[in-house]
Amino acid sequence: MTPPEAPEDGNAAQGTVPPAVSVRPHSGLITLTKRADFLRAARARRQGTASMMVQGRQRAEDETPTGIRVGFTCSKKVGNAVARNRAKRRLREAARLVLPEAGRAGWDYVLIGRAEATAARPFDALQNDLRHALRNLHGSQ
RNA sequence: GCGGAGAGCCGGAUGGCCGCUGGCGCCGAAAGGUGCGAGAGGAAAGUCCGGACUCCCCAUGACAACGGUGCCGGGUAACGCCCGGGCAGGGCAACCUGACGGACAGCGCCACAGAAAACAAACCGCCCGCCGCACCCGAGGUUCGCCGAGGGAGAUUGCGCACGGGUCAGGAUGAAACGGUGGGGUAAGAGCCCACCGCGCCGCUGGCAACAGGGGUGGCACGGCAAGCCCCACCGGGAGCAAUGCCAAAUAGGACCUCCGCGCGGGCUGGUCCCCUCGGGGAUACCGCCGCUAGGCCGGUCAUGGCCAAGAGAGGUCGGGUUGGCAGCUGGACGCGCGUGGCGACACGCGCGCUAGAGGAAUGGUCAUCGACGGGGCCACGCCCCCGAACAGAAUCCGGCUUACAGGCUCUCCGCGCAU
RNA sequence: UGGGGUGUAGCCAAGUGGUAAGGCAGCGGUUUUUGGUACCGUGUACCGUAGGUUCGAAUCCUACCACCCCAG
């Protein structure tokens, strides 16, 4: 079951969306905060790996055109607050290292943590999982 | 040495590289850059109590409702917390545990079983008296086994229980039954009497008190449950940092509902109107102003006090817009050390220190070395190698409680064993 | 941050101090050529967990656990 291509995203977005995201100049990445952005990414294509689930989509023309935006999700299924924070931090660090070279500008990515695996997987394997998922997301277009 | 009890503390360490969030300094018009320094806990958790703070315009008192607390004294800003003491229970002991006011203010409940479940009696039973029978005589009858009117004896014993009385010792039960044990006593029994214990009442002594000790006295009148309702004493106004305030932007200059009203007075250096000798005088329907009062409000009622006031009134619901920034925001009932007072909780004084402030939410990732415990490999000690690291993440801030927790350290005390 | 509710058999559930109802499902049997329907019988609960009050607790009290809902 392939997810829908979400063609109506551009029409649904109200023309002047303020940049309600925090800018981190060092990494060049922008963090997603709005629920609507997460919902749009969830309707787009996804790729699962052993340590995480990655969702990605190319933004429409009337949205913020430049930069790579990324969001992180760890639900209660991952564990208690310590486990969720740890998983999010590892995902954030992997995104900081991998996305500037493997990601594409104008795209939104959402990284979703898994129970046990996101916190326990060796860090280089975690980065390779992210690279592999990004290749599949870009290539399957 | 073994076992145990109490109190307190720690919660891997160091370094390299790459990152994140505040603070201060410097450079820069700004964006930003750069240097220095800081960056999760004993429970940050559960959100169970108590406060600070902010708003509800601000309160005081009484009563009612509701909720909470509950041996006594103290500590504290306060507490349902802590300390000390009392009592009860557990333990050989160190010590531990305890929702521990009131059941003669009232209501209610106590299933089943049991004679009886609350106030004292009824019932069974026991005992005494009386009566009848069993004993003797015996009219008469007879199926020849006996039946039997009536009379006598009443010493003992037995049976029956009709009647009168005594009685609660005993009565299968039950969690609980006119106090328990022993002795005397009696027709049988009984606090009927005595000793000890328990209980109630009244003085005395010690203690601030809870309470304890001892004395007298009553012969026992007082079952349990208040974590059933309740009574007594004490405490509590409500909401919560998404409180609250400011700035900016945007929408808009809203709609609807409820309540109280639309009175009186004063010409008042206002407006307006009238008269006039142009100085002034007069009027008050209307607009404005001032005052009074009905009334409303101060989330239960009343009183005191206060506020509003005859509408730019008070209260509420809905609709529309925004999802930005700043303040609140971390220096505080703060931490550490010393001294004094106190058994202690703690208080006071002096000195030193500044110790996270994020905002969909930072405090991280990775590598190396060391260290601790457990498991495995090695024939085996040592050595070496490998694997696994407790519970858990600040969100306005404090004081507590509760719950979770690998492992380790320090001090004090108790019991047993051995040695001296 | 504050407030409210629920937890009983595999499922839905009644019970508010005294041996824990009922229905569906399951199993066995009768009926039927077989299945279904119908009828009869039957098992299944440490009442979320742990303490306490009481003679006695699903019920009352306390603490904890899990889930759900509401408001700003």
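Just so it is clear: chains get the letters A, B, ... in the order the sequence lines come, proteins before strands, and each one is counted from 1. Bear in mind the structure is a predicted one, so any value in this text is a computation, not a measurement. Computed from heavy atoms alone, side chains included, the values below leave out hydrogens, waters and symmetry copies.
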**Complete:** The answer to which of A:Ala83 and A:Glu93 contacts RNA chain B further toward the 5' end, by nearest nucleotide, is A:Glu93
**Asked** For RNA chain B, whose closest nucleotide is more 5', that of A:Pro122 or that of A:Ala81?
**Response** A:Pro122
How many Å lie between [atom1] on [X] and [atom2] on [N], as a whole number?
X	N	atom1	atom2	result
A:Phe72	B:rG364	CZ	C1'	12 Å
A:Phe123	B:rG365	CZ	P	9 Å
A:Arg86	B:rG365	CZ	C1'	9 Å
A:Asp124	B:rC367	CG	C1'	12 Å
A:Lys88	B:rA361	NZ	C1'	8 Å
A:Leu97	B:rC18	CG	P	13 Å
A:Gln127	B:rC367	CD	C1'	14 Å
A:Arg92	B:rU21	CZ	C1'	12 Å

**Request:** Please identify each residue that fulfils side-chain hydrogen bond (donor to acceptor under 3.5 Å, both in side chains) with A:Glu93, with sequence neighbours left out.
**Result:** A:Arg96
Watson-Crick or G-U wobble partner for [N], using a 3.5 Å limit on both distances?
N	value
B:rC55	B:rG238
B:rA118	none
B:rA285	none
C:rC64	C:rG48
B:rG353	B:rC334
B:rG3	B:rC414
B:rA303	B:rU60
B:rG364	B:rC18

Within 90° of 0 counts as syn, otherwise anti: where does [N] fall?
N	result
B:rA88	anti
B:rG280	anti
B:rG203	syn
C:rG15	anti
B:rA40	syn

Using the [atom1] atoms only, state how far [M] lies from [N], rounded to an integer number of Å.
N	M	atom1	result
B:rG306	B:rG61	C1'	15 Å
C:rU1	B:rA390	C1'	31 Å
B:rC231	B:rU69	C1'	16 Å
B:rC373	B:rG12	C1'	12 Å
C:rG48	C:rA13	P	15 Å
C:rC65	B:rU403	C1'	11 Å
B:rA309	B:rG320	P	34 Å
B:rC79	B:rC398	C1'	14 Å

Table of protein N/O atoms under 3.5 Å from nucleotides 38-44 of chain B N/O atoms:
{"unit_1": "B:rA40", "atom_1": "N1", "unit_2": "A:Arg89", "atom_2": "NH2", "d": "3.4"}

Rounded to the nearest 0.5 Å, what separation is found between the [atom1] atom of [X] and the [atom2] atom of [Y]?
X	Y	atom1	atom2	value
A:Gln127	A:Arg90	CD	CZ	9.5 Å
A:Met53	A:Gln47	CE	CD	8.5 Å
A:Arg69	A:Asp108	CZ	CG	4.0 Å

**Request:** Pick base, sugar-phosphate or nothing for A:Arg84, based on heavy-atom distances below 4.0 Å to the nucleic acid.
**Result:** nothing
Would you please name every residue forming a side-chain contact (heavy atoms from CB on, under 4.5 Å) with [X], sequence neighbours left out?
X	answer
A:Thr49	A:Ser51, A:Met52, A:Asp129, A:Ala133
A:Asn85	A:Lys88, A:Arg89
A:Leu99	A:Leu29, A:Ile68, A:Val70, A:Ala95, A:Tyr109, A:Leu134
A:Thr118	A:Ala87, A:Leu91, A:Arg114

**Prompt:** With a 4.5 Å heavy-atom cut-off, do A:Glu101 and A:Arg131 have their side chains touching?
**Reply:** yes
**Request:** Taking all heavy atoms of A:Ala44 and all of A:Arg57, pick out the closest pair and write down the distance.
**Result:** CB-CB, 3.3 Å
